[in-house]
Asker: 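First the structure, then my questions, so here it is.
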Amino acid sequence: MSRQVQVLLLIAAALFTCLYFYNKYTFDDVEVTYRPDFHQAVHEIHKLEQVKMIKDPILFHPGHYKVAQESLQCYLKGTNYSVAMVDLDNDKRVKEECGGNKQLFFKKHCAAAAYLRDADWMLVLDADTGIVNPNHCVEEWIDNRVDIIFYERFFNWEIASGNYIVRNTMFARNFLKKWGDWEFTQPSNWNGADNGVLQIHILKTVIPYATQEIKNCDKLWHNSTGYDSYMAYVTCCKLALGATRLWPGKVRIYRRAHGWVRDGFLTTDRFCERDFMLHGWKSNKVGDKGWESPFKQNINVTLCGNGMDGWDYRPYKNTTCEAIRSSLSGFERSSGRSFPKEARVIPYLQEPDVGECYPTCDDNV
């Protein structure tokens, strides 16, 4: 890693890991059990005494997501990163700046804002995200034209909230802090939690003058009663954002499967040279419940740190990018066919476009 840029990596869900080029912070040790709807979670917080700097990474998450966490440990031993752990409940800075937040994921974004000033860039990861191909660096996905970088979930086109890259700027810190503050104003219905908030938070940030479109999407959001109707809201936000994926000085959204991480189940955890990380590794042991990890067995972290030592793959899991493209193409067609009927909305045909704002609809443009 030759670029002299501080990169902070923050692992969410069960823990916050912050990777810098010189330092990384890990923000807590919190177990999160996802339900099948992908949006609601049960949290169990484990206390830590203090901020801990770790030069030789130990298992971040004892007893949880062990396969994913061991892959991260192995990767870190081959880099010049260091790691720290920050207790979200007892850390002084988090208490001072995020004391009002009670819900884990919103508190996470506030804590990210609080610690962002310690790095040039921060990478936020879910705790069940693992390194599948260590021949990559975070910097490959950094775009200096923007301050915050997201990507789309493959199976439903939602902008993912668990994994993002953020630059240490006033804009980015304000974005994260406002994201955390949504805990206090989010609708009380089935709303997708911080992931649901993110869709309209981005829309309001990059196209603030789209007042009628924002209003229409917000109405769908407040009226959602389950996953299908929630996805109507996601569709509304996506259509309002349009084909633009980069707003200079603000946000970039990577197209599905083009970010630094994607869901592993899309290709049964097969990967190619283009892949870096896979999401969804919740097991503690390779082979649990029949899961065929890309690895033959749990990584022995003591072997890592020199090239590809410790990375013991199943040969058929490391395939060509053409094979991955073919699998993604098939999943793309399938997810399109199975997309909820209730979510197939065209907002400007179903909701007002000028009827509620005429003649001042464009005054803020």
Side-chain angles (χ1 to χ4, degrees), residues 9-19 24 26-34 36 41-42 44 46 48 52 54-85 123-138 162-163 260-319 324 327:
L9 182 153
L10 189 141
I11 294 190
L15 97 146
F16 289 104
T17 301
C18 314
L19 300 179
K24 305 190 272 294
T26 306
F27 283 75
D28 77 330
D29 195 11
V30 181
E31 176 187 358
V32 177
T33 305
Y34 281 92
V42 177
E44 178 183 333
H46 308 278
L48 293 176
K52 298 180 180 180
I54 305 170
K55 293 298 181 183
D56 186 15
I58 61 174
L59 183 64
F60 301 128
H61 231 315
H64 306 289
Y65 314 120
K66 193 173 181 181
V67 175
Q69 293 301 299
E70 286 172 341
S71 73
L72 182 60
Q73 292 174 69
C74 192
Y75 175 74
L76 292 175
K77 289 187 72 174
T79 72
N80 60 352
Y81 294 136
S82 57
V83 183
M85 302 189 74
L123 170 60
V124 180
L125 291 179
D126 280 335
D128 60 347
T129 297
I131 306 292
V132 71
N133 178 7
N135 294 314
H136 286 287
C137 296
V138 175
N163 304 298
W260 58 97
V261 57
R262 62 173 174 82
D263 289 319
F265 73 84
L266 299 170
T267 58
T268 60
D269 287 309
R270 291 178 302 132
F271 68 99
C272 73
E273 62 181 4
R274 172 61 173 73
D275 288 305
F276 182 20
M277 304 179 187
L278 294 182
H279 173 257
W281 292 357
K282 291 179 167 58
S283 295
N284 288 329
K285 185 178 180 181
V286 170
D288 278 357
K289 299 180 180 179
W291 174 47
E292 283 196 354
S293 159
F295 313 117
K296 294 178 180 178
Q297 56 192 350
N298 280 51
I299 291 177
N300 183 346
V301 179
T302 64
L303 300 177
C304 302
N306 182 25
M308 296 300 293
D309 290 353
W311 299 91
D312 191 13
Y313 295 108
R314 301 176 192 268
Y316 58 89
K317 291 292 187 177
N318 189 348
T319 186
I324 296 299
S327 294

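Here the structure is a predicted model, which means the values were calculated and not measured.
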Asker: Only one of Asp288, Asp128, Asp126, Asp263 forms a salt bridge (charged side-chain N to carboxylate O under 4.0 Å, His left out) with Lys282, so which one is it?
Answerer: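 Exactly one pass, corresponding to Asp128.
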Asker: Using a 4.5 Å cut-off on heavy atoms from C-beta on, say whether the side chain of Val132 contacts that of Met277.
Answerer: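 Met277 does not reach Val132 side chain to side chain.
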Asker: Test your reading of the model: is there a side-chain donor-acceptor pair from Arg270 to the backbone of Ile324, 3.5 Å cut-off?
Answerer: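 Not a single qualifying donor-acceptor pair exists.
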Asker: Output yes when a side-chain donor or acceptor of Asn298 lies under 3.5 Å from a complementary backbone atom of Asn284, and no otherwise.
Answerer: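 Present.
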Asker: Can you tell me how far the CE atom of Met308 sits from the CG atom of Leu303, to the nearest 0.5 Å?
Answerer: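 The CE atom of Met308 sits 13.0 Å away from the CG atom of Leu303.
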Asker: For Asn133 and Asn135, indicate whether the former's side chain and the latter's backbone hold a donor-acceptor pair under 3.5 Å.
Answerer: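 A pair under 3.5 Å: yes.
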Asker: Heavy atoms only: give me the nearest Ser71-Ile299 pair and the separation to one decimal.
Answerer: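 So the minimum-distance heavy-atom pair works out to CA-CD1, 3.7 Å.
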Asker: Can you see which heavy atom on Ile131 is nearest to which on Leu72, and at what distance?
Answerer: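 Smallest heavy-atom distance, with atoms named: CG1-CA, 4.0 Å.
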Asker: Is a side-chain donor or acceptor of Gln297 paired with a backbone partner of Val286 at a separation under 3.5 angstrom?
Answerer: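 Answer holds: no.
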Asker: To the nearest 0.5 Å, what is the distance between CG on Asp309 and SG on Cys304?
Answerer: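 Those atoms lie 8.0 Å apart.
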Asker: Should the pair Asp269-Lys317 be classified as a salt bridge under the 4.0 Å nitrogen-to-oxygen rule?
Answerer: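 No salt bridge links Asp269 with Lys317.
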Asker: State, yes or no, whether a side-chain contact exists between Thr268 and Glu292 at a heavy-atom distance under 4.5 Å.
Answerer: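 Side-chain contact under 4.5 Å: no.
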Asker: Are Trp291 and Phe265 packed together at the side-chain level, in the sense that at least one heavy-atom pair is separated by less than 4.5 angstrom?
Answerer: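 In short, these two side chains do not touch, never coming nearer than 4.5 Å.
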Asker: List the atom of Gln69, the atom of Ala127, and the distance in Å for their closest heavy-atom pair.
Answerer: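 So the two residues come closest at NE2-O, 2.8 Å.
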Asker: Drop me the distance from Phe271's CZ to Thr319's OG1, to the nearest 0.5 angstrom.
Answerer: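 One gets 9.5 Å once the value is rounded to the nearest 0.5 Å.
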Asker: Report yes or no: does His136 contribute a side-chain atom to a donor-acceptor pair with the main-chain N or O of Glu273 at less than 3.5 Å?
Answerer: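 Such a contact is found between His136 side chain and Glu273 backbone.
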Asker: If you apply the rule side-chain contact (heavy atoms from CB on, under 4.5 Å), what do you find for Val67 with Lys285, and how did you get there?
Answerer: CA-CA 6 Å; Val67 175; Lys285 185 178 180 181; 5.5 Å; no
Asker: What pair of heavy atoms forms the shortest contact from Phe276 to Trp260, and how long is it?
Answerer: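 Residues Phe276 and Trp260, closest heavy atoms: CB-O, 3.4 Å.
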Asker: If we ignore hydrogens and angles and just use 3.5 Å, is the side chain of Asp312 paired with the main-chain N or O of Phe295 as donor and acceptor?
Answerer: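 Flag not set: sc Asp312 to bb Phe295 has no pair under 3.5 Å.
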Asker: Please report the shortest heavy-atom distance between Pro315 and Lys296, naming the atom on each side.
Answerer: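 For Pro315 and Lys296, the tightest heavy-atom pair comes out as CD-CE, 4.2 Å.
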Asker: Of the non-hydrogen atoms in Cys74 and Val301, which two are nearest, and what is the gap between them?
Answerer: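 Minimum heavy-atom contact is N-CG1, 4.4 Å.
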